[in-house]
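None of the values given here were measured: they were computed from a predicted structure.
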Amino acid sequence: MDKIYLNHNNEKKKSFKLKIFMLSILIGILSKNTDTFANQLNNSEIEYSIDIESVKSFEYFLKNVDNSFDWIINYPDIEELTINIETTNQKELEKLENISNLKNLKKLKIFTKKNVSITNDSFTFLKNCKNLRELIIDGPSIEKGVIESLKQIKKLSINCFHKIFNNIDTDFNQLIFLDELNFLDSESYDIPIWFNSNNYKVLKRNGVNITSNKQNVINNVKIVNSELDYIIKTLNISKDESEIDKFDKILIYVLSNLEYDEYISQLMEAKAEETKKEARKFYENGFLYGALEMDSAICGNYAALLTALCRRVGINSYCLCNSEHAWNMVEIDDNNYFTDSTLLDNNYISVTIKGLFVDKNEEISMLEAIEEGFKDNLDMYLSCPYEEVYLKESDTYNASNFPSYIEIHPVSLPTTGLINNNYKFEIRFNDFKIIIVGATLVSVLITLNVILSRRKKEREKIMEEFMQEINMNNENKEKSKQYIKNKR
């Protein structure tokens with residue numbers, strides 16, 4: 001039988017023999033002699049000759065087990081490759097190293113709907129793809145350092161939170177070697193979670209074209225970034241502050257300015273079918289949308305805003321989620337903690353206020369507890385992920401998108417002073433009342449001793465001035481001490 005060529009030229013061909021029974025029946029019908037023709041072809045072979053050198057693009061599905069990359073032998077000259085990752089099996093992911101054998105590979109797309117992370121361990125092969133010029137990442141979380149090392153790449157395309165809650169640790173400021181950074185179909189209220197105004201300025205200054213597949217998205221991203229920058233400015237966070245103090249200011253802002261949507265809350269309690277449909281309105285243009293543009297918010301909005309603000313002051317933060325809930329993981333002093341700002345909002349705890357003579361029990365909001373330093377054992381303020389996931393085996397905090405490159409282990413709550421802030425101390429003087437927390441008590445008692453040693457009128461004047469000082473934020477503590485000292 002004559003060979004059927006898919007590509008006619010004089011270059012070397014390779015034949016693949018295929019037995020085709022359905023084709024024989026079809027041809028038999030057309031020849032009006034089905035049985036005879038089918039029997040003849042049943043014992044025959046139809047040979048297709050495919051020009052291997054003509055196969056320039058290929059799509060491969062990485063399954064959960066027994067993946068083979070023998071196809072690379074047959075198609076060595078592939079220039080464009082799409083990898084659909086359908087597994088989180090580390091052993092199978094390591095087989096991706098075979099892709100480095102495609103010496104002519106110029107364009108690679110990595111797609112997944114699984115909880116897959118592009119890590120420095122499993123994706124080292126990308127560095128060995130010397131001719132790779134375009135990389136498209138749609139779905140996976142990305143560990144810091146992977147993309148930054150791919151100096152051969154000219155166009156990078158990334159989807160942020162598009163159909164999947166992926167976390168992106170890439171330092172965009174280091175991608176000045178790119179010609180183009182494309183955000184594919186990402187929403188304008190998702191991109192700024194990971195990509196800030198400083199990233200935009202650095203890349204534009206170095207000639208990187210920043211684009212999107214959706215109209216007006218990049219312009220809207222600049223507007224959203226300006227909003228977030230303004231919030232950071234109002235928080236008066238200095239570079240010298242500890243990470244825990246920076247984090248507290250951001251968390252207090254989120255709890256003070258977001259309010260959980262009452263209607264969604266009612267739907268969830270009733271387990272109503274329309275809950276998910278109504279919830280989507282808060283994510284209309286991305287996960288920051290409900291937090292920045294609506295009068296109320298839901299869990300994904302809380303998590304997105306906390307992450308966006310934390311990352312702008314140098315605190316690593318991640319949005320974690322499952323089918324029911326979204327929360328955060330933040331890195332404080334090299335340890336990772338779970339924070340659930342949705343849970344902390346509008347919830348109350350009972351605390352013991354230590355008076356000079358009598359203790360008093362009081363119910364305060366979790367927001368007040370954080371503001372006043374009563375944070376130890378505060379549920380989901382900074383909780384140990386290891387305890388929540390492995391010890392409590394909590395379904396609520398079992399994330400479906402936990403970055404695989406982050407290890408969780410037992411950690412303790414970070415503290416800011418030598419005296420643990422377990423108690424509030426209430427000090428009264430005439431009509432004045434001061435509530436002091438932790439180590440602040442020592443300096444205040446010294447100050448009060450100075451005040452009480454003065455005559456009545458002078459004492460009242462100094463006390464009034466002192467009350468103004470004591471209500472200032474923590475960064476002015478030293479100023480208060482110096483002020484009283486000068487009055488002596």
query: For Thr87 and Asn64, what are the C-alpha separation, side-chain angles and deciding distance, and is it a side-chain hydrogen bond (donor to acceptor under 3.5 Å, both in side chains)?
result: CA-CA 5 Å; Thr87 181; Asn64 198 43; 2.7 Å; yes
- request: Measure the acute angle between the ring planes of Phe195 and Tyr200, then classify it against the limits of 30° and 60° as parallel, tilted or perpendicular.
  value: perpendicular
- request: Classify the angle between the aromatic ring planes of Tyr397 and Trp327 as parallel (below 30°), tilted (30 to 60°) or perpendicular (above 60°).
  value: perpendicular
Testing the 3.5 Å rule here: is there a donor-acceptor pair between the side chains of [X] and [Y]?
| X | Y | value |
| --- | --- | --- |
| Ser186 | Asn159 | yes |
| Asn401 | Asn166 | no |
| Asn173 | Asn199 | yes |

[X]: partners by side chain to side chain contact (heavy atoms under 4.5 Å, CB included), with sequence neighbours left out:
| X | answer |
| --- | --- |
| Ile223 | Asn220 |
| Asn128 | Glu97, Ser100 |
| Asp179 | Lys154 |

task: Calculate, to the nearest 0.5 Å, the distance between atoms CE and CG belonging to Met366 and Asp340 respectively.
output: 9.5 Å
query: If you look only at pairs with a residue in residues 289-314, which of them pass as a salt bridge (Lys or Arg N to Asp or Glu O under 4.0 Å), with sequence neighbours excluded?
result: Asp169-Arg311, Asp229-Arg312
message: Could you tell me if the side chain of Ile349 sits less than 4.5 Å from the side chain of Asp379, heavy atoms only?
response: no
query: When you look at Asp248 and Tyr381, which way does the side-chain hydrogen bond (donor to acceptor under 3.5 Å, both in side chains) test go after all the steps?
result: CA-CA 10 Å; Asp248 281 351; Tyr381 158 64; 2.5 Å; yes
CA sep, side-chain torsions, deciding dist, call: Ser122, Gln90, side-chain hydrogen bond (donor to acceptor under 3.5 Å, both in side chains): CA-CA 8 Å; Ser122 298; Gln90 186 61 31; 2.4 Å; yes
message: Can you tell whether the side chains of Glu241 and Lys249 come within less than 4.0 Å, N to carboxylate O?
response: yes
query: Between Lys277 and Glu274, is the closest basic N to carboxylate O distance under 4.0 Å?
result: no
- prompt: Using the benzene-type ring in the case of Trp, are the ring centres of Trp194 and Phe161 under 6.0 Å apart?
  reply: yes
- request: Using side chain to side chain contact (heavy atoms under 4.5 Å, CB included) as the criterion, point out the one residue from Ile147, Leu135, Ile153 that pairs with Leu178.
  value: Ile153
Side-chain atoms of residues 281-291: list all donor-acceptor pairs with protein atoms under 3.5 Å, sequence neighbours left out, distances to 0.1 Å.
from	atom 1	to	atom 2	distance (Å)
Lys281	NZ	Glu278	OE1	2.9
Lys281	NZ	Glu278	OE2	3.4
Tyr283	OH	Gly300	N	3.0

Tell me which donor-acceptor pairs under 3.5 Å the side chains of residues 209-216 have, and how far apart each pair is, sequence neighbours excluded?
from	atom 1	to	atom 2	distance (Å)
Thr211	OG1	Glu180	OE2	2.7
Thr211	OG1	Asn182	ND2	2.9
Ser212	OG	Leu184	O	3.4
Ser212	OG	Lys214	N	3.0
Ser212	OG	Lys214	O	3.4
Asn213	OD1	Asn182	ND2	3.4
Lys214	NZ	Glu187	OE1	3.4
Lys214	NZ	Glu187	OE2	2.8

- prompt: Could you walk me through whether Asn84 and Glu59 pass the side-chain hydrogen bond (donor to acceptor under 3.5 Å, both in side chains) check?
  reply: CA-CA 8 Å; Asn84 294 278; Glu59 185 170 9; 2.8 Å; yes
